[in-house]
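Only one structure is covered here, and it is reproduced in the block below.
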Amino acid sequence: MKGAPDGIDEELRHHLEARAARLESEGWSPDEARAEARRRFGDPRSVEAAVRREERIGRWTMRWKQWLDGVRSDVRVGTRQWFRTPGVGVLALLTLALGIGATTAIFSLVDGILLRPLPFHEPDRLVALWADWTERGGPEREWWGYANLHDIRTEVASLQEVGVYSGWRPTLLERGDPIQLAGAAVTAGMLREVLRVTPVRGRAFLDEEDVPGGPAVVVVSHAFWTETLGGQPGVVGQTINLDGSPWEIVGVLPRGFSPPLPFPAEVFSPLQLDAAERQDMRGNASFRALARMAPGVSVASTQEELTALATRLEEQYPEHNTSIGFRAVGLRDDLVASTRSGLTLVLAAVGLILLLACVNVANLLLARNSTREASFALREALGSGRRRIVRLLLVETGLLAAAGGILGVGLGVVGTRALVALAPRGTPRIESVSTDGRVLAVAVAVTGVAALLVGLLPALKMKTSDLRRSLVGGGRGASSSGAKLRLRAGLVVLQVGMAVALLGTAGILARSFSELRSVDLGFRPGGVMTFFVGLQGDGYAAPESRMAFYDELIPRLQALPGVEAAGGVNSLPLAGFDGDITFQAEDAPIPPPGQRRAAWIRRVTPDYMETLGLQVVAGRGIEAGDQRGGLPVAVINQTAADTHFPDEDPLGQRVALGDPEDPLLLQVVGVVADIRNFGVRDDFRSAVYIGNRQYPSGSLFLALRAADGVDPNSLVPGLRGAVAELDPTLAVSNVQALEDMVAEALGPDRFLAVLLGGFAALALILAVVGLYGVVSYSVGARVRELGVRIALGADAGTIRTRVILASMLPVSVGVVLGLALAWVGSRFTETLLYRVSPVDPVSLSWTVLVLLVTACAAAAIPATRAARVDPMTVLREE
Amino acid sequence: MTETNLTLLKGTVDILILACLGQATAQHGYGIAEWIEEITGGTLLLEEGTLYPALHRLQRKGLLESSWGTSENNRRARYYRLTQKGQAERAEAVQHWDRYAQAVSSALAPGRGRS
């Protein structure tokens with residue numbers, strides 16, 4: 001009896017029989033011999049199973065080796081194939097690389113800014129604390145008076161430590177020109193317990209240093225130590241001259257450590273508040289705070305505790321705390337809040353680009369494969385399995401994707417650098433954007449997904465289409481062209497859809513940006529140069545000495561060649577500084593504490609309004625005669641006039657500033673037009689201008705208007721000279737043309753519009769290339785039919801029109817799809833737009849028009865070719 | 001030599017198979033079992049069935065090849081022989097085993113030296 005075909009059964013049986021025979025020959029009875037043979041052998045079933053397992057492993061190993069060999073040969077064949085059709089190859093490669101590169105670059109931006117944890121110890125425990133003034137018509141994120149922060153620090157158990165800081169701008173007076181430094185005065189716990197940073201040299205501040213009249217000590221950044229101080233090792237214990245007095249360096253922060261403050265701080269000093277300052281600042285807003293939550297505490301429960309405390313303090317100090325909320329915001333969210341929606345939009349856009357690129361390449365591959373159908377059919381007829389053909393196609397796609405991935409990652413690295421360089425100034429966390437392992441892993445994943453998207457469709461197509469028919473069909477692949485055309489038309493629908501969505505969104509953003517650019521700022525930034533001089537040191541302690549300095553400086557500035565006007569202000573428009581004061585008409589009833597109105601206030605020198613081009617609409621501006629001892633005057637803006645003097649002429653009336661029980665009363669002498677003070681898109685708020693000669697400020701920003709035809713940048717050496725002549729120890733800083741400040745304020749909007757515009761252009765090109773390919777293919781497939789038609793007397797013009805019209809069908813469906821996509825996306829763009837609807841019909845109409853015209857043009861080229869088909873050539877080919 | 005039957009160490013079956021096939025040109029599984037029995041005087045306790053998975057594994061690794069032939073009692077049997085790779089492996093395994101066995105026995109009986 002024969003066993004299984006592999007003979008294992010037989011082999012084992014042979015053993016048992018041979019053993020039994022041997023035993024019988026030794027004198028065992030047949031039955032005993034069989035039993036003994038079985039005993040010595042062990043369980044035949046488990047032996048057989050073990051043998052079969054060995055055999056199975058053997059078969060698998062063999063198959064795996066064969067498969068590997070097959071893939072290896074496919075790689076060789078596939079590579080050759082790509083070199084045989086270099087045009088398609090290069091086009092597909094570039095398309096994929098662009099898609100992958102753009103995705104990599106944008107993802108690295110998103111990762112660095114939005115996703116990566118902050119570079120601090122247990123960063124999830126850090127929160128920013130804000131006073132919420134929204135109920136009082138103020139900002140959602142307002143600075144603090146110290147007293148509230150003190151109460152938060154002592155009473156909120158969820159917060160392990162609260163660090164308080166305020167800006168500090170000392171002037172470094174060492175060798176060479178005075179340098180304006182950016183710094184912060186911080187409570188002792190800020191570096192030590194909130195940020196938990198360990199200085200690389202020296203130490204952080206001690207509690208006993210953060211007391212009124214404490215020592216003049218500073219902790220400096222690593223960059224400040226190495227670049228400004230020269231990086232000598234013995235830096236701790238040395239003193240530097242800040243504002244004319246010696247400060248001892250007690251610590252150097254680690255390299256690259258950048259505190260999460262809204263400005264790049266180089267030097268830190270202890271805050272050293274005295275008792276009066278600690279208690280008397282519930283209403284004022286001069287401080288910001290960061291805090292570290294206790295381990296295991298969530299932002300939500302911290303917020304609950306803060307809200308409870310805010311309610312308690314509101315009852316305790318109604319005159320200061322009425323309607324003021326306390327907010328805790330996760331530090332990362334707080335830092336990146338402004339960029340989130342824009343970045344999300346860009347990420348979505350680049351995702352569409354990637355998808356579009358993949359569809360395009362899939363389309364290219366379909367076209368390429370259809371010309372190879374005859375050769376595939378031949379292979380199949382010769383016994384090569386369909387699986388192997390599909391495998392060859394997949395390998396070819398894999399090669400393409402791998403090459404595209406490598407090139408794409410390269411492009412991505414370059415693109416990331418370009419994005420970082422082009423990113424608007426002040427983009428949060430831009431320094432943490434880099435292409436590292438995380439980004440590369442995502443790029444590899446993106447490449448894999450792209451390879452799947454690109455390769456799957458042509459491969460599946462190959463499985464379902466009947467290859468043999470294409471052999472019979474004369475090797476032209478014409479017989480199955482109907483189904484294939486439908487598939488490719490479907491891809492065109494997708495492409496056009498995505499292109500319309502991107503173009504439409506980009507168009508709307510561009511319109512919004514142009515609206516922003518054409519906003520009447522209320523001042524004329526062209527030709528104005530600005531700078532800052534910080535008056536610090538003992539010589540400028542008295543207000544009179546500061547006033548005298550500006551009285552000297554401004555005429556000198558005005559006398560500079562090329563200068564038309566010069567003036568000073570305590571804070572320039574768009575510089576991002578608030579500075580509100582309680583404000584009302586003198587004879588208006590005093591509202592309860594929570595309902596008092598505020599106005600932003602600026603101290604200006606006489607020629608400031610003229611220099612910036614503010615329009616005086618009634619009365620006069622601040623003049624040279626408005627000085628100490630004279631009539632206290634104010635100029636208010638149009639909004640203040642409308643709000644506080646709705647039915648009367650404000651001129652000659654008096655306004656009350658500050659505490660309404662004990663106000664500063666000023667006579668209104670003029671009304672100026674509103675200006676965009678806080679941002680280009682901000683609404684107007686009440687404002688009051690007072691004379692710096694009447695109420696002198698600490699330090700002023702200065703503005704110079706250049707005469708017609710004079711480049712404002714050419715004024716810089718002159719203004720530096722004028723300051724140095726008066727006092728060589730003063731640092732000139734923040735030298736910037738006002739126009740640049742306006743451009744900077746629009747930076748994020750411009751960046752977004754440019755990026756989206758670029759992506760939209762790319763999308764349009766990809767869609768048009770795809771459409772062109774499909775129409776060309778359909779003309780090629782129909783060439784015989786067209787030839788017959790022409791031979792039968794069809795008019796060339798009619799044929800061309802018909803071909804174009806036929807191609808417009810998928811385009812129209814795509815347009816509808818795209819409009820739907822744009823509508824879906826509009827909810828993400830809404831917050832980014834200015835005076836433009838997220839489904840702006842004008843932009844969308846233009847988009848559709850541009851797309852249809854381009855699509856017609858793309859279709860017209862192959863259509864013209866179709867009309868020129870020579871019937872004789874075609875018929876002869878039959 | 002003692003009368004005790006020795007349980008086989010792991011991997012020993014492979015070496016015994018290689019050694020046996022190194023002696024004969026070709027042998028079937030039962031023949032290998034008999035050879036082991038004779039050569040060791042029955043001291044090794046071999047469950048004969050365990051030879052077969054080992055034979056097939058060695059064949060998969062390319063150390064053995066097999067073909068069907070007729071055995072002494074006129075039955076079809078699968079005959080195994082060493083391949084070239086198998087010859088080399090046998091030489092190496094024997095050498096390796098010798099060194100290993102020497103090392104172990106001298107460790108166990110340091111005073112008596114080689115047994």
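Treat the numbers as computed from the prediction; the structure is a model and nothing was measured. Below, chain A is the first sequence line, B the second, and so on; all start at residue 1.
Proximity to chain B among residues 57-71 of chain A is limited to A/Ile57, A/Gly58, judged by heavy-atom separations below 4.5 angstrom. Residues from residues 30-49 of chain A that place a non-hydrogen atom less than 4.5 Å from a non-hydrogen atom of chain B comprise A/Arg40, A/Phe41, A/Gly42, A/Val47, given in numerical order.
Atom OG of B/Ser71 is separated from atom CD of A/Glu17 by 9.0 Å, given to the nearest 0.5 angstrom. Here CG of A/Leu12 is found 12.0 Å from CD of B/Glu48. Values are rounded to the nearest 0.5 Å.
Contact annotation: the side chain of B/Tyr52 never approaches that of A/Glu54 to less than 4.5 Å [non-hydrogen atoms, C-beta and beyond]. B/Arg76 is not listed as a side-chain neighbour of A/His14, based on a closest heavy-atom distance of 4.5 Å or more. A/Arg22 places a side-chain heavy atom less than 4.5 Å from the side chain of B/Tyr30. In this structure the side chain of B/Pro53 never reaches within 4.5 angstrom of the side chain of A/Arg53, judged on heavy atoms.
Residues passing the side chain to side chain donor-acceptor pair (under 3.5 Å) test with B/Arg81 are B/Ser67, sequence neighbours excluded. Take A/Glu396 and apply the salt bridge (Lys or Arg N to Asp or Glu O under 4.0 Å) test, not counting sequence neighbours, and it matches A/Arg368, A/Arg372.
Crowding of B/Gln84 atom CD: a count of heavy atoms from other residues, nucleotides or ligands under 6.0 Å not exceeding 12.
Partner A/Glu55 forms a side chain to side chain donor-acceptor pair (under 3.5 Å) with one of B/Gln59, B/Arg57, B/His56, B/Arg60 and no other, that one being B/His56.
Scanning both residues, A/Gly7 and B/Trp68, for their nearest heavy atoms gives O-CH2, 3.4 Å.
Salt bridge annotation for B/Glu37-A/Arg19: present, with a cationic side-chain nitrogen under 4.0 angstrom from a carboxylate oxygen.
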